[in-house]
J.: 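What follows is a single structure, and I will ask about it in a moment.
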Amino acid sequence: MVHIAMLTGFVLIAIGIYGALTNRNILRMIVAFTVANTGVNIVLVSVGYMMGRTAPILDAAVPVAEAANRIIDPVPQALVLTAIVIGLGVTALMLAYAYRLYDCRGSLDISRFRDLKW
Amino acid sequence: MDFEWIRIPHALLTLLIVFLYGLLLGAVIQKIGARAGRRHGIPFYQNYIDLIKNYALRTTITHGFMFYLGPVFRLTGGVGLLLFVPTIYGVAMHENFSFAGDLILALYFVFFGSLGMALGAGESGHPYAAIGVSRGLSQVTAAELPFAIAVFAVALQYQTLSVTDIVAAQQGSVFNWTVFTNPLAVTAAMMSFLGSMMRPPFDVVLAPQEIPIGPPTEYHSAYLALMQSNRAIFPIAKMVIYMNLFFGGAANWPVFFLKVFLLYLFAAFVGVVFPRFRVEQSVRWFLVWGVPVAVAGLFWV
Amino acid sequence: MVSAIHILSTGLGAAFLLGLLPEAWRGRAHLVTLAALALMSAIALSWVLAFAFDGQQMVDVFTAGVSPPFAINLRLGMAEAALSLTVCLSGLLSALYLKTSLITQGRRAMAVLLIAVMAFCGIILTRDIFNLFVFVELSVVSVGGLVLLSDDNRALGAGFKYLIVSQVVSILMLLGVIFLYHAGGTLNIDTLTAANAAGIGTGGLAFFLLLMAVVAEAKPVPANGWALDIYQAAHPAFSALFSAAAGTAALFAVDKVLVMGGPTWPPVVAGIGLFSFVAANVLGLSQTHDRRLLGYSSIAQIGLVLGVVGLKDVVGEHYLFIAGGILVAHAVAKAGMFWLSGLVAERKLSAWAVLRKNPILLFAFATFVALLVGLPPFPGFYAKWELIHALMAQDRVVLVALILLGALLEATYLMRWFGYALKRGADLESVQFEVRKVAVVLTAALGGWGLGYVWGELSGHANLLHSMALLFALGFVVLDGLPAWVKNTVAIAGMSAFFYVSYPGYDPLQLIFASIILLGGAAIFVAGYHERGRRLGFYPSAMLMYAGLAMLIVADTTFQFFAAWEVLTVGSYFLILRGKESEPHALSYIVFSLGGAFALMAGFALASGGVSEFAIQGLSDVAAEAAPWVFVLLAVGFMTKTAAIGLHIWLPGAHAEAETDVSPMVSGILLKAGLFGLFTLLMTMGKTQMYGVELTHVLMWIGAISALLGNLMAVFQEDAKRLLAYSSIGQMGYALFGLAMMNHLGWLMALMFVINHYVYKSMLFLSVGGVAKRTGTKLMYRMGGLITLMPLSFVAVLIGIIAMSGVPPLSGFGGRWIFYNAIMTAEYKLPILIIFLSGPIAFLYLFRLIHTIFLGQLKDEHRRITEAPFWIVVPQMLFVAFLLGFAVVPGLALRHVDAYIAQFFVGGGLSWDGLTITSPFGYWSPVSIMIVTGAIFAVLLAWLVFLNHKAQKVKQFNIVFAAERPHRPETTHFAWNFYAPYRKAFGFLLKPYATWFWDGVAGAFHGVAETARRFYTGDGQVYAFHMLGFVLVVYLIAMGM
Amino acid sequence: MVKKAIALALILGLGLIFAALLLGYAPDAALNETAAYYATRTADEIGAQNIVTAIIVTYRGLDTLGEVTVLFLTAAIVGLVLSRTRAGDNAPRLSDLPPPGELLEIGTKLLVPLILLFGAYVFINGHLTPGGGFQGGAILASAILLMLLTDPLRRSSHRLISRIESSAGLFYVVIGVLGAALAGGFLDNRILPLGEFGALFSAGAIPVIYALIGLKVGAEFSSMMVSLSETEDE
């Protein structure tokens, strides 16, 4: 179960990166990266998952005393939230770039932006 | 070996003898050369006459300061060279001023006159003078090399740089002469000797038979006379060194006259047999033939 | 003390506060930004001071009131505080520099800048790997934003490439973080280390991913195309921040992360770092765009530090000193250079010539270059010294070689650039620089000096900035505004006083060298009165050289020796660079000199076995297996300075193109530094065999061949100063030969050459320089007949060439006499033959020198010129007097040295009885020679005058040849190609094999650079390929290890 | 083609690493030390029911502050970038655009307050139930999105948004600093009483912080959307 989730995550990362490496269109690259990010996030949460346990919320169902044996690892959950938001921030920044790039060159082909080299 | 005032008149005496003999020898050798070429040649007293004539001439011009000093340098070089080396072995009055320095002094003093002469000639502004100097200097770098190595070999052989000591070591028997104890070094040195005597095949520096060339080109009257004086003294001074280093020196004047004459004759003999080298040819000749022999002589020791 | 967390909270708080300010309050917003950055810097500074002076211990800052590993904690030690300070200060200065831009862009831009600085500090401070990720992402986003500030539209592309790559990096990093968490059960670095998480399950792989992610932030070659583009296109003030702060933060992150991984990974990181260092420097060679070049240099420097980080265990206790030294020097210098580039309008390297308009900026530029190259007294210098020693202590010879190669390449392009700035480009009309920006640059430069002081204090060696000589020299930087004659007087007085004060402390050998350096130097300075105006830059450079020389001869330890060596090298470089056409020659000088210096450093390190404070005397007991290598390294180092054949190609140009009074300094005095080194080497190490070959014999050969070829090349020069320069090669060859003979008289001869060469070469360079000043050319065939117009110069040259050729009665003969006596006991005869050959060759060029300049035909255009300037003639006359005196009483100087040398050799000395000097083989009486020669000369002259007193001076063309009267001096002056037949005979020896060889080396490096840099195609996607490929290749290599 | 092949090769290489990670992964049987600490100590130390919230806001509060800052940065940069191109714009007139339609207009009027309320609920209860500042903030922003859909030319007050954004951020930092000054460390939530476990006003400063985060995130998303929508006008 965990392995399946994790495999899914990895496959998504691989697909995302492959997409980013082969698509010349900037928007497609950005989308590919979001796919890869999603994959990363899946891997992230799957690491903390433990079979047969419940969410780390100490309500009536999970008394404090039993918490250590009843809940899944809360840390990856916290991390993934942060990772998602940061990923979102970077994606937004890339989109802003895409906008400006298109604005100044009229094209979204990454290979057109090679004036700086060597 | 310190200075005493009496050395001055003694040295002047040596100088006088050498000077007179040098003038004579020059003419004799020239005559021998002429006869070998089936010409009549000059009388043996010709050099004395020329010298007196030149000293007496009154038309004198100068191109400047160095021009004026050139002949003085030249003759100082010749006289100095003679006087820094003991002329007659074992005779105190002909040890001259050899207390001032050893063999090395003599070797380097050779250049004193040449340098001054070259400078004086240079100021004349005559391109032929400069060309002569250029050729002469070029040739001498190679010509001196076998000699220098031979001298080094001899010095090593006798473990001294003092001319007197070197001569002393050769006394006793003819076979103690360096020419027998280290024939290779002497052979090499004699090659250099040819190069320094301004005779064919190494006389491109002065090229006396064609247009005048070389340092004396612009010199005349008393200047020329000084140089002629030098031409009498300087070769003999040089031959004294050769004699002392390689041929056992001379213990008295007759032996001296003989050895010097034979050495001079050797140069003249080669001169009439061989045609003239161009500068680069003579440079190569010395490097190809002279240097290996000299090196062999060095390792003979 | 304010908690370190407030470095972060101040930045963040101010960033948010900016959002509350009205849009129109841009000036005030900028002030808030500056205030926040200043506050952050102040906090960091207070900690730095506390660590440095109050014995403050490292502190952990807890957040959330919970102790780690359960909450994030920050750590603040000396390193963190210092690096945070670096980051904050570069942020502050950049913000100040960017004032106009920031005000135009508005408060949002300022907030981004603040957050960037805050994020870099966060990377440095945090001890939690996920928190590290957050700060890294923050820095990515803020960098992405700041790149947009550039006016250059291409910056957009660069920024986007950066984002692409950082996406890849962040994916790797997150995977690494989460799996490391899984393996170690925590995110805290210290706990992970303690738990050895990298050794559990997938922890190793996870660690690898994390490590690669942080290493990628340090922009290793080749996964760094994006960084170069950013450096090139972004606003320079931002690039300054990016290079100084981001690089610093990334390196510290690597350092932090690396401890978790166990012993496998440091070598990998070291390999990556050093590869980057060398590769980036090679690539830098072919850059023509200033900012991109700086980018390559940044990558190289950061690579070097990365290498040191990887070698942490090897360098041991000096780790912080070394890594920190290189890092702060890099940060300050690189930031400064980027700020400078913002003041330069064009992007060509030669466009930096505009800095010439402002001495402050030029001073700053020089400071930055020196910081980067690691010249004394800057931190990089101390750090490199310790680094090489630490590596040598562990026998990491290959690493030492790599680092020195990289450093040399870097020095090459930086120095080349400096040369361009100083010499290239047309003279521009005056340019107005913004005072604020100049102030920022100056602050950085002064900061560099301050750091130099600090590192000197920390070094455990004597602080160079405490050296009187160096301080005196640096004082001239301050005095530079005064008129030249005032400075000249101060210099002469200072050097004389210094000599007077130090005199009692010198041993005879030092005394000889000290007299030449200090008194001789002062004598040459007399010529300096000729210069009008202020002569900017001359005195600091010259005094720097003299200071180095003065420090060199009294050096006790290898460190002092090396430091002095570098100081004199730098000073002389600046001095040589002053010549009109000297830029390429100065470059080749400094490159050779630094190469030689590096050889010295390696040699010293090898000799001491890595002990950085090592007495020079200790060279005499170097372990037998290392000794030959030490000998070779040191000898090569010293021979670059004496310009032994093969290493000589820098000399002719450098000496010939230098200014009139500089040529004697760099020829007559500077070359002696190499000889002094060789003296020291042979005095301590003596004869040394390598594989059965006696190395001193090799030196003899080198000396002999140098003498021959130096002289031979001098013969064929048309340029008078070049002729003298080549002759120096020959003369130094003689001296080297004498030393290598390893007998008493050989050394005495070398010393004689030391003195004589100084006198006559200084004199000749001055005379020739004076003539060149008057005639406007250095080509001898264009002169001629100047004897009557410049009689004093003529006399100087005359005496000079007589002395130099060794003709009695002048002092040159003494050298020859000692030489012949010395070779009598030499064990090895063959090279002597070459010396015999080269001796007379000297006559050729000397005669040519005097003849073609002073004799022969006067040219029409020179008929009105006068004697050389008074102040240039004065020192020449001093030298003439000295030469005549020295010829008569050489014993005055040599006697004591003779006695001094006696302690090194058994027997073979001279005896100095009365007027005659006696050796075991011969004798020499200078006074008698002088008197006899003088007397004969006087008598004959009197005789000639008596006969010819009425000689009439005739006109110039009163000569006759080939039946015509010459009328044109040009066609009558036999001067050009004076020794044509000689060339036919010896020309084959003159093929410039050495030049071809070095050209080939240089060409190969440039070729590699030109080809290899095409790897950076400029395509962002390709850069992502590089990144991934880099990770995989490192993985494969690491797995293979 | 070559490029794809290389890309494929690289991905395969990456795949090897992934495979190693995947195959080497063994799920923990019990909570590791850190997680166990959170499970057992959160109630006492933080007083939050939702352990994830406790971690996000307090234990790893610095991360969260950074996270918020990332958003702030992005918003600022997007604004910066887009305002540059927007300079000198000629605003289009309403009449150029098709009307949004009655359903949307009325739906918007009805839904926006509800959405806003829901968002506030989510972030205020972040320490008790799933959800929190980010989720709540995103919900808030969706209300703004709805408004923009209805009236693309509505010039929402940048100033207001940025005020909210900045002051929320500033307060967040201030609370953090207060934590350092008054309690155990930066961002310590115990500057306010922990209250009764499970109550709305409990867990110290967490609700306040989450509220600030919610506002801030909402404002940031809104500002980004507004900026983007305004550029789209041209």
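Quick note on labels: first sequence line is chain A, next is B, and so on, each numbered from 1. Hydrogens, waters and symmetry mates are skipped; everything else that's a heavy atom, side chains included, is used.
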J.: Quick one: does A/Ile57's side chain get under 4.5 Å of D/Pro130's, heavy atoms only?
T.: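 Result yes, sub-4.5 Å side-chain heavy-atom pair found.
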J.: Quick check: do D/Phe197 and D/Gln49 have side-chain heavy atoms less than 4.5 Å from each other?
T.: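 When only atoms from C-beta onward are counted, D/Gln49 and D/Phe197 do touch, with a gap below 4.5 Å.
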J.: Identify which part of A/Leu88 has an atom lying under 4.5 Å from any heavy atom of chain D, answering side chain, backbone, both or neither.
T.: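 For A/Leu88, side-chain heavy atoms alone lie under 4.5 Å from chain D.
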J.: So which residue, A/Tyr97, A/Tyr49, A/Tyr18, ends up with the most heavy-atom pairs under 4.5 Å with chain D?
T.: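 Ranked by contacts with chain D, first place is A/Tyr18.
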J.: Quick check on A/Val75 against chain D: is it the side chain, the backbone, both or neither that has a heavy atom closer than 4.5 Å?
T.: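 Both backbone and side chain.
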J.: Which atoms of D/Thr129 are under 4.5 Å from chain A, going by heavy atoms: the side chain, the backbone, both sets, or neither?
T.: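 Looking at D/Thr129, just its backbone touches chain A.
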J.: Taking the side chain as everything from C-beta on, heavy atoms only, tell me whether D/Leu194 gets closer than 4.5 Å to D/Asn189.
T.: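 The answer is yes; the side chains approach within 4.5 Å.
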J.: Would you mind telling me which of D/Leu73, D/Asn50, D/Thr40, D/Val70 has the largest number of heavy-atom pairs within less than 4.5 Å of chain A?
T.: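 Looking at each option in turn, the highest pair count goes to D/Asn50.
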J.: With distance as the sole test, does D/Asp188 use its side chain to make a donor-acceptor pair with the main-chain N or O of D/Arg190 at under 3.5 Å?
T.: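 Judged by distance alone, yes, a pair lies under 3.5 Å.
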J.: In terms of heavy-atom contacts, does CG of D/Leu23 have more than 12 from other residues, nucleotides or ligands at under 6.0 Å?
T.: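 Yes, the 6.0 Å shell around CG holds more than 12 heavy atoms from other groups.
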J.: Between D/Thr53 and D/His127, what is the shortest heavy-atom contact and its length?
T.: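 Taking D/Thr53 first and D/His127 second, the nearest heavy atoms are CG2-CA, 3.7 Å.
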J.: Counting only heavy atoms closer than 4.5 Å, note whether A/Arg70 contacts chain D via side chain, backbone, both or neither.
T.: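 No part of it gets close to chain D.
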J.: Can you tell me which of A/Gln77, A/Met51, A/Arg53 forms the most heavy-atom pairs within a distance under 4.5 Å of chain D?
T.: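 Of the candidates given, the most pairs with chain D belong to A/Arg53.
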J.: Between A/Gly48, A/Ser46, A/Ala14, A/Pro74, which shows the greatest number of heavy-atom pairs under 4.5 Å with chain D?
T.: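 The answer is A/Pro74.
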J.: Counting only non-hydrogen atoms closer than 4.5 Å, does D/Asn32 touch chain A with its backbone (N, CA, C, O), its side chain (CB onward), both, or neither?
T.: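 The answer is the side chain of D/Asn32.
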J.: Does any heavy atom of chain D fall under 4.5 Å from the side chain of A/Leu79, the backbone, both, or neither of them?
T.: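 Side chain of A/Leu79 only, per the 4.5 Å heavy-atom cut-off to chain D.
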J.: Between D/Ala138, D/Ala30, D/Gly15, D/Ala75, which has the largest tally of heavy atom pairs under 4.5 Å with chain A?
T.: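 Most pairs with chain A among the choices: D/Ala30.
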J.: Looking only at heavy atoms, what is the nearest atom pair of D/Leu192 and D/Ala205, with distance?
T.: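 Here D/Leu192 and D/Ala205 meet closest at CD1-CA, 3.8 Å.
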J.: Check each atom of A/Met6 against the heavy atoms of chain D and say whether the ones under 4.5 Å are side chain, backbone, both or neither.
T.: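 Both the backbone and the side chain of A/Met6 come within 4.5 Å of chain D.
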J.: Do A/Ser111 and A/Asp109 have side-chain atoms, one donor and one acceptor, less than 3.5 Å apart?
T.: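 There is such a pair between these side chains.
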J.: Angle between ring planes, D/Phe18 versus A/Phe10, binned at 30° and 60°: parallel, tilted or perpendicular?
T.: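 It falls in the parallel class, under 30°.
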J.: Is it the backbone or the side chain of D/Leu128 that comes under 4.5 Å from a heavy atom of chain A, or both, or neither?
T.: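 Only the backbone of D/Leu128 comes within 4.5 Å of chain A.
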J.: I'd like to know if the side chain of A/Arg105 reaches the main chain of A/Phe113, judged simply by a donor and an acceptor atom lying under 3.5 Å from each other, with no hydrogens or angles considered.
T.: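 Judged by distance alone, no pair lies under 3.5 Å.
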J.: Is A/Val43 in contact with chain D via its backbone, its side chain, both, or neither, using a 4.5 Å heavy-atom distance?
T.: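 When you check distances to chain D, no heavy atom of A/Val43 falls under 4.5 Å.
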J.: Under a 4.5 Å cutoff for heavy-atom pairs, which residue among D/Ala54, D/Gly132, D/Ala29, D/Ala48 has the most contacts with chain A?
T.: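 Between D/Ala54, D/Gly132, D/Ala29, D/Ala48, the count favours D/Ala29.
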J.: What part of D/Ile11 is in contact with chain A, defined as an atom under 4.5 angstrom from a non-hydrogen atom: side chain, backbone, both or neither?
T.: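 Contact with chain A involves the side chain of D/Ile11 alone.
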J.: Checking D/Tyr25 against chain A: side chain, backbone, both or neither under 4.5 Å from a heavy atom?
T.: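 Both parts, backbone and side chain.
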J.: Side chains of D/Tyr172 and D/Leu65: closer than 4.5 Å at any heavy-atom pair?
T.: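 Answer yes - side chains close enough.
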J.: Chain A heavy atoms under 4.5 Å from D/Leu22: which part of the residue, side chain, backbone, both or neither?
T.: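 Both parts, backbone and side chain.
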J.: Is there a side-chain contact between A/Met50 and D/Leu31 in this structure, where contact means two heavy atoms from C-beta onward sitting under 4.5 Å apart?
T.: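 They are in contact (side-chain heavy atoms under 4.5 Å apart), so the answer is yes.
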J.: Below 4.5 Å, heavy-atom pairs only: which of A/Ala96, A/Ala78, A/Ala67 has the largest tally toward chain D?
T.: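 Highest number of heavy-atom pairs under 4.5 Å: A/Ala78.
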